[in-house]
Amino acid sequence: MAGPLTIAAPTAGAMQALGERLGRLLAAGDVLALLGPLGAGKTTFVQGVARGTGVPPGRHVASPTFALVNEHPGRVPLVHADLYRIADPRELEELGLRDAFDRAAVAIEWLDRFPDAAPPERLEIEIAITPDGGRHLVLRPIGARATALCAVFEKGP
Amino acid sequence: MLVLGIETSCDETAAAVVEDGRRVRSDVVASQILAHAPYGGVVPEVASRQHVATIVPVIRRALTDAAIGFGDLDAVAVTCGPGLVGALLVGVETAKALAFALGKPLVGVNHLAGHLAAASLEDPTLPTPPPFPHLALLVSGGHTAIIRVDEPGKTRLLGATRDDAAGEAFDKVAKLLGLGYPGGVAIDKLAATGNPRAVALPRALAGRDDLDFSFSGLKTAVATWLAKDRAAGSARLPEGAALADLCASFQTAVVDVLVRKSRRALAREGLGALVVCGGVAANRGLRAALAEAARADGFALFIPPPKRCTDKASMIAAAGSELFVRGKYAGLDLAVDPGLEL
């Protein structure tokens, strides 16, 4: 795969459908970095991912901003983290992400606040708000696994 | 009966002494003490090393303020979840050591149950404690939930947020509007002078029969509104009356849904008393709207004063007292549970 992959997601439903499709492909050790401004739809996308990883339908996949890390059971455990409230990089140690990378699929919002904390292999998903109120996603794979993941995702459902 | 409460589940290190489950004898948070430290003020942070550094001075200060000694305590209550594991451990291990050394019972308290108990603490605005059973609306930065409370420790979750907590929506919208983070209080202030009908904003799930909430779409609606405003050529964020109008419209959208779902739950459960707790319970717009609903529907409303809506150890001591009198002690093997639910 040559460069980043760009996809339009006009509605929250479309965003969740994309997330679900990606979620179905995830395995333990996969890391998604969700980037984009407040209200872009990072948590909405992860709600879709959670459907794809097999989180039980009745379970709320709520924003992790306050709790910093939420974990959801499924086909593969999904660890959903949010660095928005983290003030000091030393606090990252307490989130248990390093352990999560070994045993779960991990989705991290606002990872761009702490670039040094980013694992060497990850799929970056940048969400932008378009002037008409829609969204548009740019997927940037970093590393071999993320590149392969992205290639399968690009082929469609 | 004197119970020491210890709370380290999140940003604040706190300790308090509560008498007979009702009277707050002391209520200390670390930032109060350390604000005068020689190295300047302390910004609350989630790191457990901060809790380690402050927990002992905070407990000492709680006892001094209450004018009692360690030997006067009847029990030690501590938050054991939900929260960050490292932060929780500092409080729980300290409480265990104290309980063991004093030979007094240890009581493990769910942080959320602590919020529910805040309205039981004596205050001029709350001459009597809430009766059981009652309905509780818990609205904070991390939670938005409607709970049936049959008795202390016996609760049933009726509805919760599917995405953002109400307080999170306030803080993030404040950030979008250039009011800083967290800025929920700034929105409340500006909303008081604005027109709540100026900007049409969605009220998610309001018409639905369930008691769940969703505030993410509302935050997004504000983000989208601002994006369109910029696309239309506006170079700056709204200011003055336009900002106040947007704040009032946003706050009213949140409050409307909270009030509507609370009324629906009271009617469905056949309950006559509503307890409101958590940081957003300090919001003036919410307090006013609930007071009006209580007058119209004839239910009794119990909202702690704003100073007792945020994370404090007095609420942990209050909830701990309720468990203590029921003999619900924890062993010295009490474990922390970061994902503890009600």
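Chain letters run A, B, ... following the sequence lines, proteins first and then strands; every chain starts at 1.
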- Task: Just give me the residue among T224(B), L176(B), D163(B) that pairs up with chain A most often, heavy atom to heavy atom, under 4.5 Å.
- Result: D163(B)

- Task: Find the one option among G141(B), A227(B), A165(B) whose heavy-atom pairs under 4.5 Å with chain A are most numerous.
- Result: G141(B)

- Side chain, backbone, both or neither: which part of Q47(A) has a non-hydrogen atom closer than 4.5 Å to chain B? side chain

- So, the part of N70(A) with a heavy atom under 4.5 Å from chain B: the answer is neither

- Message: Is it the case that the side chain of E71(A) and the backbone of G339(B) share a donor-acceptor pair, with hydrogens and angles ignored and the cut-off at 3.5 Å?
- Response: no

Can you tell me how far [atom2] of [Y] sits from [atom1] of [X], rounded to the nearest 0.5 angstrom?
X	Y	atom1	atom2	value
E168(B)	Y84(A)	CD	OH	9.5 Å
K228(B)	I129(A)	NZ	CD1	11.0 Å
L68(A)	L84(B)	CG	CG	5.0 Å
S63(A)	K219(B)	OG	NZ	6.0 Å

- Message: Can you confirm whether more than 12 heavy atoms, excluding those of R103(A), are under 6.0 Å from its CZ atom?
- Response: yes

- Contact origin within A160(B) toward chain A - heavy atom pairs under 4.5 Å: both

- Item | Residues of residues 11-43 of chain A within contact distance of chain B, non-hydrogen under 4.5 Å | L38(A), G39(A)

- Looking only at heavy atoms, which two atoms of F66(A) and C10(B) are closest? And how far apart? CZ-SG, 4.0 Å

- Message: Whether the H60(A) and D212(B) side chains hold a donor-acceptor pair (N or O, under 3.5 Å, no angle test) is what I'd like checked.
- Response: yes

